[in-house]
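Since the structure comes first, as structure tokens, the remarks are kept for the end.
First the proteins, then the strands, lettered A, B, ... as listed; each starts at 1. All heavy atoms count here, side chains included; hydrogens, waters and symmetry mates do not.
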Amino acid sequence: MGGALRRADVGATVTVGGWVHRSRDLGGQLFLALRDREGLLQCSFNPDWTAPAVIAAAAAVGVESVVLIEGTVHARPADQVNPEMATGEVEVRATGIRVVGPALTPAIPVATSKDTKPPAEELRLRHRVLDLRRPELQHALMLRHRLAKATRDYLSGLGYLELETPILTKPTPEGARDFLVPSRVHAGEFYALPQSPQIYKQLFMCCGFDRYFQIARCFRDEDLRADRQLEFTQIDIEASFIGREDIITMAEGLVRALWAEAGIAVETPFPRMSYAEAMERYGCDRPDLRYGLEIRDLTAVFRGSESGIIQSALAAGGRVRAIVVPGGGAWSRKQVDELEAIAKQAGAGGLLRLKAHQGALEGPLAKFLPADAQAALGLQEGELLLGVAAADRISSPALDRVRQECAARLGLVDPAVRKFLWVLDFPMFDQDPETGALAAVHHPFTSPNAEDMAARPDAPATWRALAYDCVLNGTELGGGSIRTSDPAVQSRMFQLLGIGDVREQERRFGFLLEGLRAGAPPHGGIAFGFDRIAMLLANATSLRDVIAFPKTTAARALFEGAPTQVPVADLDELHIRPVEG
RNA sequence: GGGGGCGUAGCUCAGUUUGGUUAGAGCACUCGACUGUCACUCGAGAGGUCGCGGGUUCGAGCCCCGUCGCUCCCGCCA
């Protein structure tokens, strides 16, 4: 291929195919920059070696047309080497050209220089064939391929089998909305697209396939974001006769292999932290460890406060928690108000603020504090204390957001630093504070911690789960768990989650329970967000840059024009009718 | 479902603050000149439903109301 020609190819007679990236017509001679996925190649048309008719034909070709160029590879003179091109030491002296795919004038430019802005997202998606020709996107999708291959190589090397699972499947309760597909054969019945292959991979374990993986497409009908698409890809993994440590070690090896593919060395093992510790110190179950600003419990100091806000929060069983921001004392009233707005948006009633100035505390609360408060807080000159007095359920998310914003303002978020982390010991259930209803934090098939279950059988809200998340710089890369392999325990879990009726359990999950009853090995697994990893390693900021044909945030495919209306006859055949209005 | 940003030539944008003659620039495109360029250069030209609809006004790219599209965030996404 033309973009791969190097000095060693000098002398070769070649026919190179590609797209006309740019042309420079100097009058008597001209140069075409020919592009393929490997890069750019200069083709030189000159009367000394090119027939006049060929020069005329080359001069008439429009950019983005597909051409075949015949010629000989020549070394460029030293003063004409282009160090910015991989092929910069050579050029093809053309003797012939054939336009095999003439192109209309492109609606959006493909050949851009470093400092030009890409076209609007809408145009990029509408003219995706042109957009995907751009070298950045070519590189991103080629990286994506290498990551998929590295995944297959690594897991195959460990004896994992790549097995496929159905796309037309049964609706299962995985939290998100399902995409439904009407059945033509069975009036009024629907398939669902899988939100993940979760149950199938557990069934593979019951089948005895031991170690499974799949680069699996998943579908969730929820609103989109820069890092969320309707359909996305995960690296789905499951294994039998293993425990948490086996999965973690295997997963660390996978991360190492993937990052190595992008030329980045990753050190393992990753540090670990319990969910409880992450929530206490960072207010978040996927903390960004690139910076400090850890949350401190200052309840003891504020207990003596005469402030009504604090007293009522403490009386309700809450705490006073805060972060201390070095240099924050210099922020203006307005800047701190913005932080408070962030805290309020996250659910807090407000933000307590204190700063030390000339040995005394300043802030709306200062006068309500006991005299020894300054000594107890140890606040230094220039530091700003930002706190929330409330239940942890309120203060954790609020302080998490405030902490992230402060770190961004102080420039503490270094994109060159990578802090991997395992978060362990998630709670099994999330309890609704009003109704008391339990919901699975991970999913209903996660195994609870057996010791917790034995110690407090009547308090499931206190049980920990054998679940784990892999986190990088505040982003969840993947997560998994050891599963419940005992059908009786699984049935109990359904019961705790409000599916008490046995017939209901059988109707919805009978196929899983049947697998477990047929003799299930202990098993567990993990799933990584493949697109998100590709995005990180391609230095992209949107999933759309690592997915060839993505949807817009309004869930439309602009290039193909999906979704679309269909003829009424098609609907009739599927036994569905549009709702009037 | 809610909040913010953007929408002017094929593309990227200026013009909107303070309504006023014929809406501009760079790139791309067309034509012409040019024999070593590499974002070639130079000259000329063509190119506009100011997203769409309605309103205010003597007059709207600019003000008001509505609406559509793209985007970022909240909700949502176990």
Side-chain angles (χ1 to χ4, degrees), chain A residues 21-34 40-50 55 59-60 62-64 74 76-77 79-85 87-88 91 93 104-127 130-131 172-178 195-196 198 218-230 232 285 341-342 344-347 397 401 426-430 438-446 465 467 469 476 479-481 493 497 527 529 541-542 544 550-556 558:
Chain A
H21 190 69
R22 247 190 263 279
S23 79
R24 291 180 287 278
D25 188 342
L26 272 58
Q29 64 164 350
L30 77 136
F31 299 92
L32 291 187
L34 190 70
L40 295 174
L41 172 70
Q42 171 159 288
C43 299
S44 174
F45 294 75
N46 187 298
D48 291 348
W49 54 79
T50 315
I55 294 183
V63 292
E64 295 310 315
H74 280 253
R76 296 201 202 183
D79 61 331
Q80 284 172 26
V81 165
N82 186 340
E84 305 204 342
M85 291 169 76
T87 60
E91 66 179 10
R93 295 191 172 179
L104 300 173
T105 299
I108 59 172
V110 176
T112 52
S113 55
K114 304 120 209 160
D115 39 74
T116 55
K117 258 179 93 173
E121 191 88 27
E122 180 179 359
L123 295 163
R124 291 181 51 199
L125 294 174
R126 205 174 285 287
H127 307 288
L130 293 170
D131 196 39
T172 51
E174 297 187 275
R177 295 183 190 89
D178 280 317
Q195 294 184 30
S196 80
Q198 180 61 35
C218 306
F219 305 86
R220 294 178 192 175
D221 188 5
E222 295 293 345
D223 289 347
L224 289 78
R225 289 282 194 285
D227 62 349
R228 254 164 44 191
Q229 281 275 311
L230 297 181
F232 60 98
D285 63 2
I342 290 170
K344 281 183 170 170
Q345 220 205 339
R401 300 257 173 100
F426 280 78
M428 184 69 209
F429 300 106
D430 204 11
L438 297 176
V441 167
H442 195 60
H443 57 55
F445 320 116
T446 296
D469 273 5
E476 182 191 329
S481 65
M493 289 303 129
L497 290 168
T541 52
S542 163
R544 293 184 297 272
K551 309 290 185 284
T552 68
T553 51
R556 281 194 179 278
L558 294 183

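Across the strands present, B:rC40 finds no partner; the criterion is a Watson-Crick or G-U wobble pair with both atom distances under 3.5 angstrom.
The nucleotide whose nearest atom lies closest to any side-chain atom of A:Ala176 is, among B:rC34, B:rC77, B:rC72, B:rC77. Closest contact between the side chain of A:Glu222 and the listed nucleotides B:rG10, B:rC77, B:rC74 involves B:rC77. Comparing B:rG36, B:rU71, B:rC74 against the side chain of A:Gln80 picks out B:rG36 as the nearest.
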Assign a letter to each nucleotide of nucleotides 23-32 of chain B from its 5' end: B, base within under 4.0 Å of a protein heavy atom; S, sugar-phosphate only; -, no contact.
-> ----------

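Annotation: of the two residues near RNA chain B, A:Leu26 and A:Asp227, the 5′-most nearest-nucleotide partner is A:Leu26. Toward the 5' end of RNA chain B, the nearer of the two residues A:Asn82 and A:Ala554, judged by each one's closest nucleotide, is A:Asn82.
Whole-Å rounding puts the A:His21 NE2 to B:rC38 P distance at 15 Å. The distance from atom CD of A:Glu64 to atom P of B:rC11 is 16 Å, rounded to the nearest whole Å. Taking atom CD of residue A:Glu121 and atom C1' of nucleotide B:rG7, one finds them 15 Å apart after rounding to whole Å. Rounded to a whole Å, the CD1 atom of A:Ile108 is 9 Å from the C1' atom of B:rC11. The CZ-P distance, from A:Arg401 to B:rC72, rounds to 17 Å in whole Å.
When the ring pair (Phe, Tyr, Trp, His ring centres under 6.0 Å) test is applied to A:Phe45, no partner is found at least two apart in sequence or on another chain.
Across all strands, A:Glu91 comes closer than 4.0 Å to base atoms (heavy-atom distances). Residue A:Asp25 is in base contact, counting any heavy-atom pair closer than 4.0 Å across all strands shown. Using a 4.0 Å heavy-atom criterion, one finds that A:Pro47 contacts the bases of the nucleic acid, with or without backbone contacts as well. Residue A:Arg126 is out of contact with every strand shown, counting any heavy-atom pair closer than 4.0 Å.
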